[in-house]
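This report concerns only the one structure given below.
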Amino acid sequence: MRIFFFLISGCLVSIMAGCNPETRTLPILGAREPVTKVVDGKTITDTVYHSIPEFQLLNQDSILITNHTFDNGVYIANFFFTHCPSICPIMQRNLLKVYEQYKGDERVRFLSHSIDFRYDSPSVLKRYAEKLGVTNDQWQFVTGSKAEIYGLADSYMVYTKEDSGVPGGYDHSGYFLLVDEDKHIRGVYDGTNDDQVQLLFDELAMLLKEYE
Amino acid sequence: MTRNSYLYAGAALAAIYLSVHACQSEQAIRTAQYAVNGQKLYAAQCQNCHGAKGEGLGKLYPPLTDSLFLLGHRDQLACIVKNGLSDTISIHGQFFDAEMPPNPRLAPIEIAYVLTYVGNSFGNEMGIFTLEEIEQALKACK
């Protein structure tokens with residue numbers, strides 16, 4: 001009986017070692033499609049992973065930024081609005097912690113999309129960013145048409161909806177999306193949950209190791 | 001004075017002392033009860049903006065640690081919680097002008113709970129906010 005226990009716990013230890021952050025790489029999240037193509041006369045099957053499409057959005061300085069603004073590095077995206085009375089202050093408080101840790105490290109950028117396309121003009125976003133404590137362009141705050149922003153939210157797999165029944169008028173989920181250099185989503189974290197935010201810290205460090 | 005009257009006086013003093021003392025600890029218990037109830041409300045309704053330690057968030061949401069501001073505005077706090085605030089205020093010498101949303105669904109007793117919690121946490125020592133004090137203050141809201 002004892003020996004049996006030892007065996008079991010030995011297995012558990014080795015399984016747990018398999019989850020060791022040093023050896024694990026992050027998955028690529030989202031739908032994937034097999035594509036077949038012909039290379040040198042041979043038919044091969046490749047996988048196309050879900051990725052963030054190209055975009056053009058107006059930032060807090062009224063400058064059009066694109067997906068290329070985030071090239072050569074990883075970024076963390078989320079969706080919020082400045083007048084949000086509920087979860088956004090918690091999300092932004094937590095994202096600010098990550099920003100402060102990586103401030104000055106150009107490998108990591110931040111992208112907050114406002115889903116309040118009526119009120120959150122660039123100047124409103126600018127004032128918000130300043131008051132939050134964002135002092136450089138590593139963290140972009142963007143606005144766009146409803147179709148653009150809500151379409152992008154779908155690509156980031158984040159639920160957003162105009163809903164007069166919820167406080168603030170917009171319903172959305174408070175996720176942080178970790179996006180790699182190839183615009184693949186590598187992690188999804190509940191930005192209102194301390195444990196999940198810690199996981200983001202850990203997995204962001206793992207992802208950066210891939211590029212060292 | 002006779003020996004008996006000394007005894008009576010002593011007993012009377014003791015009785016007064018005991019009743020005052022009992023009152024004080026009853027008050028302390030009630031304050032603690034209000035604060036415990038208030039902590040739950042705070043976590044659900046205020047903490048997202050004002051922070052778990054009342055630290056606020058940048059220049060967006062003010063901290064609740066400015067005891068001088070809170071003491072100076074004691075009679076307005078119930079109205080701030082109930083009706084929100086969009087004003088320019090100075091907290092620890094820093095200006096804040098974002099908007100605090102109203103809490104129309106908070107009952108007066110809940111406002112008493114949450115203010116007793118805030119008023120006796122984060123370094124503040126304001127004592128209890130009774131239901132009577134809150135009802136009185138709410139009548140004077142602008």
Side-chain angles (χ1 to χ4, degrees), chain A residues 60 78 80-101 103 110 112 114 116 118-121 123-136 138-139 141 164-174 190-198, chain B residues 38-66 69 77-107 110-111 114-115 117-118 121-122 141:
Chain A
Q60 71 264 40
N78 75 344
F80 87 114
F81 58 107
T82 60
H83 268 64
C84 163
S86 50
I87 60 172
C88 311
I90 312 176
M91 280 165 67
Q92 301 300 59
R93 180 193 309 277
N94 286 330
L95 201 52
L96 187 69
K97 289 183 193 149
V98 187
Y99 168 77
E100 278 166 354
Q101 174 153 339
K103 201 165 163 178
F110 302 84
S112 286
S114 168
D116 186 353
R118 293 202 182 85
Y119 182 79
D120 285 346
S121 61
S123 64
V124 171
L125 292 173
K126 177 86 178 170
R127 285 209 312 151
Y128 177 90
E130 279 173 359
K131 286 186 187 168
L132 184 61
V134 174
T135 52
N136 67 8
Q138 229 173 312
W139 190 343
F141 295 78
S164 54
V166 301
Y170 298 90
D171 195 7
H172 66 302
S173 48
D190 178 351
T192 63
N193 176 305
D194 287 346
D195 294 339
Q196 293 265 306
V197 173
Q198 187 52 50
Chain B
Q39 185 173 25
K40 290 208 189 85
L41 287 165
Y42 183 84
Q45 317 258 15
C46 323
Q47 185 168 318
N48 58 340
C49 291
H50 291 291
K53 300 187 185 78
E55 75 274 22
L57 177 59
K59 296 172 191 168
L60 282 172
Y61 309 117
L64 300 177
T65 53
D66 188 338
F69 177 92
L77 297 180
C79 298
I80 293 178
V81 171
K82 177 101 187 165
N83 300 328
L85 189 66
S86 58
D87 198 353
T88 300
I89 55 173
S90 169
I91 300 293
H92 290 308
Q94 169 70 52
F95 284 108
F96 289 87
D97 61 2
E99 209 173 295
M100 169 160 154
N103 291 288
R105 272 182 294 202
L106 278 187
E110 293 176 309
I111 297 177
V114 80
L115 282 178
Y117 173 68
V118 169
S121 311
F122 321 137
C141 285

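Taking CG from A/Leu125 and CZ from A/Phe81, the interatomic distance works out to 12.5 Å, rounded to the nearest 0.5 Å. Interatomic distance, B/Leu57 CG to A/Leu96 CG, rounded to the nearest 0.5 Å: 6.5 Å.
In this structure the side chain of A/Phe141 never reaches within 4.5 angstrom of the side chain of A/Phe110, judged on heavy atoms. Residues A/Pro89 and B/Leu60 form no side-chain contact, since every pair of their non-hydrogen atoms from C-beta on lies 4.5 Å or further apart.
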Discussion item. Run B/Leu106 and B/Leu41 through side-chain contact (heavy atoms from CB on, under 4.5 Å) and show every step you take.
Written reply: CA-CA 9 Å; B/Leu106 278 187; B/Leu41 287 165; 4.2 Å; yes

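For B/Cys49, there are no disulfide bond (SG atoms under 2.5 Å apart) partners at least two apart in sequence or on another chain.
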Cross-interface N/O pairs, chain A with chain B, donor-acceptor, under 3.5 angstrom:
residue, atom, partner, partner atom, Å
A/Pro85, O, B/Asn48, ND2, 2.8
A/Ser86, O, B/Asn48, ND2, 2.7
A/Arg93, NH1, B/Gly56, O, 3.0
A/Arg93, NH2, B/Asn48, O, 2.7
A/Arg93, NH2, B/Cys49, O, 3.0
A/Lys131, O, B/Lys59, N, 2.6
A/Lys131, NZ, B/Asp97, OD1, 2.5

